[in-house]
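Below, each value reflects all heavy atoms present in this structure, side chains not excepted, and no hydrogens, waters or symmetry copies. Both ligands and their constituent atoms are indexed starting at 1 by order of listing.
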Amino acid sequence: MAMRKKFYIETLGCAMNVRDSEHIVAELTQKEGYEPTETLEEADLILINTCSVREKPVNKLFSEIGVFNKRKKEGAKIGVCGCTASHLGEEIIKRAPFVDFVLGARNVSKITKVLHTPKAVEVDIDYDESQYAFADFRSSPYKAYVNISIGCDKQCTFCIVPHTRGEEVSIPAELIVSEARRAARRGAKEIFLLGQNVNNYGRRFSGEHPRMNFTDLLKAVSEIEEVERIRFTSPHPLHMDDAFLQEFATNPKICKSMHMPLQSGSTRILKAMKRGYTKEWFLDRAAKLREMVPDVSISTDIIVAFPGETDEDFEDTMDVLERVRFEQVFSFKYSPRPLTPAQNYADQIPDEIGSERLSRLQARHGEILDEMKADRIGQVHEVYFEELRPGGMVAGRSDNNMLIQVEGSEELLGKTVPVKITEAGRTSHRGAVVA
Ligand code: 5AD
Ligand code: SF4
């Protein structure tokens, strides 16, 4: 029997990219006869699924594919996929002529085409993949990512995503529900709904479809009997209306962790970012959430040193950090991106000031996490176990998204079990199964 061709894939960036990679893997294995390898040198096809949200990963891309080119076996192909592929397009082949094809973030299903077209560049951001008529693959048997929309209609002035993933199109609810049902029946009790802006769901479909908003979609997915847990990312604070918070709070299948990307605590900066909400609105939504769901964990994204950010604006961000006491913070120094309005704003902030603000924010957040630690010890949480860890440990997540490890074996995988926290850390905890 002929040896199957092998591919190696590296995935950077967000959950959308992880899901896109799963689709690419599905197409390659089911339609092109490939099998995966973890060893670059034996791959016939090397893929990198890129992120372009900040500048660093873009620079890393070119050094990385250079290394791939040196290490690859004779005749192996290199493909650049994802968001950086979308916005740089053929520029990539100009800068790195050994690249065989470029496949944009909204063109995943064309992987089988570009594979056979020398120097192909497929980066059309109007291309409609919302019907998902392509092969399916899941990297975890316990959890299923399900796309609910593609693209993003927000015009946040710092963000390149609308240029890499295009206009927002919602995937028809029947498709989402049937995909979730199929995955849950195969054992993925946790469904993770994905979109750039999930709670704007239903704004636009590509064909005639019954209207449905995100709150109703959550209800529909929770009605699938085999689904035990529902998570989603990312919601937008602007669209956190009362009906949505109510559904979040009262639907027992919806996991009690909410991502609320703040970006800035200053209303003035939020306006310059075109975020559409104020500091007060954000604080009101977070307070309401904490009141309705006392055990909720709230995570956020924060950008420091956006153009024009004064010390006073930054203090507003610190103030929100203090008041909301997020369980998790992803914080970034503003990075000017091509095709975005903010790159041309006056008052770009010097790098040293950005670094200072970032370290102050991260240090304070670290202290807040330390302050929270003591309360965690002795708490009992329902943990859904998903992964074996070295040293005889098994890891899973509590309903409110804490990463918890216990001693154990495969037997725990795919099960939801009460666990008492015995040692609390900043980002993960240890516990013991409650007998
Ligand atoms: N600079 C820094 N951070 C950014 N993000 C998006 N664009 C930029 C940028 N130009 C951050 C935002 C977003 C997260 C995914 O990345 O906080 O929520
Ligand atoms: Fe995801 Fe945005 Fe990065 Fe694209 S640019 S991979 S959408 S985070």
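- Here is the list of ligand 2 atoms found below 4.0 Å of a heavy atom in Ser52: 3 (Fe), 5 (S).
- Counted within 6.0 Å of CD on Glu38, heavy atoms from surrounding residues, nucleotides or ligands total 12 or fewer; the atom is thus considered open.
- No more than 12 heavy atoms of other residues, nucleotides or ligands lie within 6.0 Å of NZ in Lys60, so this atom counts as exposed by the packing criterion.
- Put simply, Cys14 gets within reach of atom 1 (Fe) of ligand 2, with an N, O or S atom under 2.8 Å from it.
- Contact annotation: for Val161 versus ligand 2, heavy atoms closer than 4.0 Å belong to the side chain alone.
- Near Asn17, meaning under 4.0 Å from one of its heavy atoms, ligand 2 places the atoms 6 (S).
- Of the protein's heavy atoms, Arg54 NH1, 2.9 Å lies nearest to atom 16 (O) of ligand 1.
- For atom 7 (S) of ligand 2, the nearest protein heavy atom (residue, atom name, distance) is Arg165 NE, 3.0 Å.
- Aromatic pair His259/Phe232: ring centres not closer than 6.0 Å.
- Heavy atoms of Glu55 stay at 4.0 angstrom or farther from ligand 1.
- At a 4.0 Å heavy-atom cut-off, ligand 1 touches Val53 through backbone and side chain alike.
- Nearest to atom 1 (N) of ligand 1 by heavy-atom distance, out of Ser264, Ser335, Gly354, Gly13, is Ser335.
- The shortest side-chain heavy-atom distance between Asp351 and Lys333 falls under the 4.5 Å cut-off.
- In terms of protein heavy-atom proximity, atom 2 (C) of ligand 1 is closest to Lys333 O, 3.4 Å.
- Ring pair Phe205/Tyr201: centre-to-centre distance below 6.0 Å.
- Ranking the protein heavy atoms by distance from atom 14 (C) of ligand 1 puts Asp301 OD2, 3.5 Å first.
- For Met16, the heavy-atom gap to ligand 2 stays at 4.0 angstrom or more.
- Ligand 2 has no atom lying under 4.0 Å from any heavy atom of Ala105.
- Only side-chain heavy atoms of Gln263 come within less than 4.0 Å of ligand 1; its backbone N, CA, C and O stay farther off.
- Of all protein heavy atoms, the one lying nearest to atom 4 (Fe) of ligand 2 is Cys83 SG, 2.1 Å.
- Considering CD of Gln263 and CZ of Phe306, their distance stands at 10.0 Å, rounded to 0.5 Å.
- The backbone and the side chain of Phe158 each have at least one atom closer than 4.0 Å to an atom of ligand 1 (non-hydrogen atoms only).
- Distance check for Cys51 against atom 3 (Fe) of ligand 2: an N/O/S atom falls below 2.8 Å.
- Using a 4.5 Å heavy-atom cutoff, the side chains of Arg376 and His429 are in contact.
- Of all atoms in ligand 1, numbered sequentially from 1 with element shown, those under 4.0 Å from a heavy atom of Tyr334 are 1 (N), 2 (C).
- Looking at His163, its side chain does come within 3.5 Å of a backbone N or O of Leu339 through a donor-acceptor pair.
- When side chains are defined from C-beta on, Glu312 does not count as touching Glu315, because their heavy atoms never get closer than 4.5 Å.
- Under the side chain to side chain contact (heavy atoms under 4.5 Å, CB included) test applied with Ser52, the options Leu12, Leu61, Ile160 reduce to a single match, Ile160.
- In this structure, Phe214 and Phe244 have tilted ring planes: the angle between them lies in the 30° to 60° band.
- Taking the side chain as every heavy atom from C-beta outward, Arg275 and Pro237 approach each other to under 4.5 Å.
- Residue contacts with ligand 1: Arg337 is placed with no nitrogen or oxygen under 3.5 Å of a nitrogen or oxygen of the ligand (distance criterion only).
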